[in-house]
Amino acid sequence: MFKGALFDLDGVIADTAVYHFTAWRNLVKKHFDAELPDDLEEKTKGVSREDSLKVILDYLNIQVSEEEFAALAAEKNDAYVEALDDLTADDILPGIAKLISDFKHHGVKLALASASKNGPVILDKLGLSDAFDAIADPGQVAAGKPAPDIFLAAAEVINLTPQDCIGLEDSVAGVTAINDAGSISIACGGSELNHAHKRFDSTADFTYDAILKAWQEQAKT
Ligand code: B16
Ligand code: MG
């Protein structure tokens with residue numbers, strides 16, 4: 001039986017991914033009068049603010065100074081944080097509140113393994129801060145997703161080995177990070193996440209029983 005659950009935030013606990021990409025789109029429109037294609041969103045999912053900006057500037061083939069880079073990242077974050085203003089517990093994705101309460105009922109420890117530096121604020125707005133035993137700090141890890149660091153840190157802050165944990169993710173980079181950390185990856189999303197140990201279509205399919213079954217199947221292999 002697994003002892004810990006390492007949660008991604010954007011796209012797993014709340015649908016804040018759309019706010020991230022809208023903020024990037026508006027920034028790029030304002031500063032460079034350019035549009036971002038839909039498929040760039042997946043390349044920024046789970047990826048840190050700075051790495052997301054690099055992906056976007058590479059796509060646009062634009063070079064900026066270090067100062068401009070920092071100013072763009074800060075402006076995007078201000079717009080994103082403003083968009084979070086109205087976030088409430090109603091924005092928790094389907095199935096997640098029940099899953100969290102079932103995990104707690106079964107003594108599973110919970111840690112946040114989000115790339116977002118806004119994680120604590122978002123958990124607070126969703127009324128979930130007390131449900132989590134610990135939050136891994138993305139500002140303290142050497143490398144962002146797809147590197148395993150944030151999931152290794154998340155297991156460590158709840159005093160467990162990654163092998164005793166499952167990781168929940170919605171991004172290609174995040175699933176790779178969980179796998180490389182040595183945890184069992186449980187994903188929600190399309191076939192781009194087929195590298196997960198178990199993939200479901202949506203968070204509504206993330207039930208305690210389904211996840212336990214996925215864990216037991218993996219334990220047999
Ligand atoms: P911030 P996750 C990630 O969160 C987002 O998916 C990604 O789009 C964002 O760039 C990253 O957090 C950093 O967020 O700018 O708020 O620090 O999916 O790992 O929970
Ligand atoms: Mg995510």
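Counting convention: from 1, in listed order, for ligands and their atoms alike. Residue numbers start at 1 and run along the sequence shown. Values below: all heavy atoms of this structure, side chains included; hydrogens, waters and symmetry mates excluded. Because the structure is a prediction, the values reported are computed rather than measured.
No heavy atom of Ala17 sits closer than 4.0 Å to any atom of ligand 1. Residue contact annotation: Glu169 has no non-hydrogen atom under 4.0 Å from ligand 1. At least one heavy atom of Ser52 sits under 4.0 Å from some atom of ligand 1.
Look at Arg25 and Glu35 and you find no salt bridge, because none of the NZ, NE, NH1 or NH2 atoms lies under 4.0 Å from a carboxylate O. Salt-bridge formation is not detected for the pair Asp86/Lys125: no Lys NZ or Arg NE/NH1/NH2 atom is positioned less than 4.0 Å from an Asp or Glu carboxylate oxygen. In this structure, Asp58 does not pair ionically with Lys54, as no charged nitrogen and carboxylate oxygen lie closer than 4.0 Å. The residues Arg199 and Asp201 are annotated as salt-bridged, a charged nitrogen and a carboxylate oxygen being separated by less than 4.0 angstrom.
For atom 2 (P) of ligand 1, the nearest non-hydrogen atom from the set Asp8, Leu9, Val81 comes from Asp8.
Nearest N, O or S atom of Asp8 to the Mg ion (ligand 2): atom OD2. Of all N/O/S atoms in Asp10, O sits nearest the Mg ion (ligand 2). Of all the N, O or S atoms in Asp170, the one closest to the Mg ion (ligand 2) is OD1.
If you look at Lys45 next to ligand 1, the close heavy atoms, those under 4.0 Å, all belong to the backbone. With a 4.0 Å heavy-atom cut-off, ligand 1 is reached by the backbone of Ser114 and by its side chain too. Under 4.0 angstrom from ligand 1, the non-hydrogen atoms of Val47 all belong to its backbone.
A donor-acceptor pair under 3.5 Å is absent between the side-chain atoms of Ser183 and the main chain of Gly167, judged by distance alone. The closest donor-acceptor contact from the side chain of His106 to the backbone of Asp102 lies under 3.5 Å.
Protein heavy atom at the shortest distance from atom 17 (O) of ligand 1 is Lys117 N, 2.7 Å. In terms of protein heavy-atom proximity, atom 6 (O) of ligand 1 is closest to Gly46 N, 2.8 Å. Considering only non-hydrogen protein atoms, atom 8 (O) of ligand 1 sits nearest to Thr44 O, 3.1 Å. Considering only non-hydrogen protein atoms, atom 4 (O) of ligand 1 sits nearest to Asp10 OD2, 2.6 Å. Protein heavy atom in closest approach to atom 15 (O) of ligand 1: Arg49 NE, 2.7 Å.
For ligand 1, one of its N or O atoms has an N or O atom of Ala115 under 3.5 Å away. In terms of polar-atom proximity, Tyr80 is not counted as a contact of ligand 1, lacking any N or O under 3.5 Å from an N or O of the ligand.
Among Asn118, Thr44, Leu72, the single residue meeting the side-chain contact (heavy atoms from CB on, under 4.5 Å) criterion with Arg49 is Asn118.
Figure legend: Lys198 and Phe200 shown as a cation-pi pair, the cationic atom lying under 6.0 angstrom from the six-membered ring centre and within 45 degrees of its axis.
Nearest heavy-atom pair, Trp215 versus Ile166, reported as atom, atom and distance to 0.1 Å: CE3-CG2, 3.7 Å. In this structure, Leu84 and Tyr19 approach most closely via the heavy-atom pair CD2-CD1, 4.1 Å.
Less than 4.0 angstrom separates some heavy atom of Asn118 from each of these atoms of ligand 1: 1 (P), 16 (O).
The closest side-chain donor-acceptor pair between Glu217 and His197, if any, does not fall under 3.5 angstrom.
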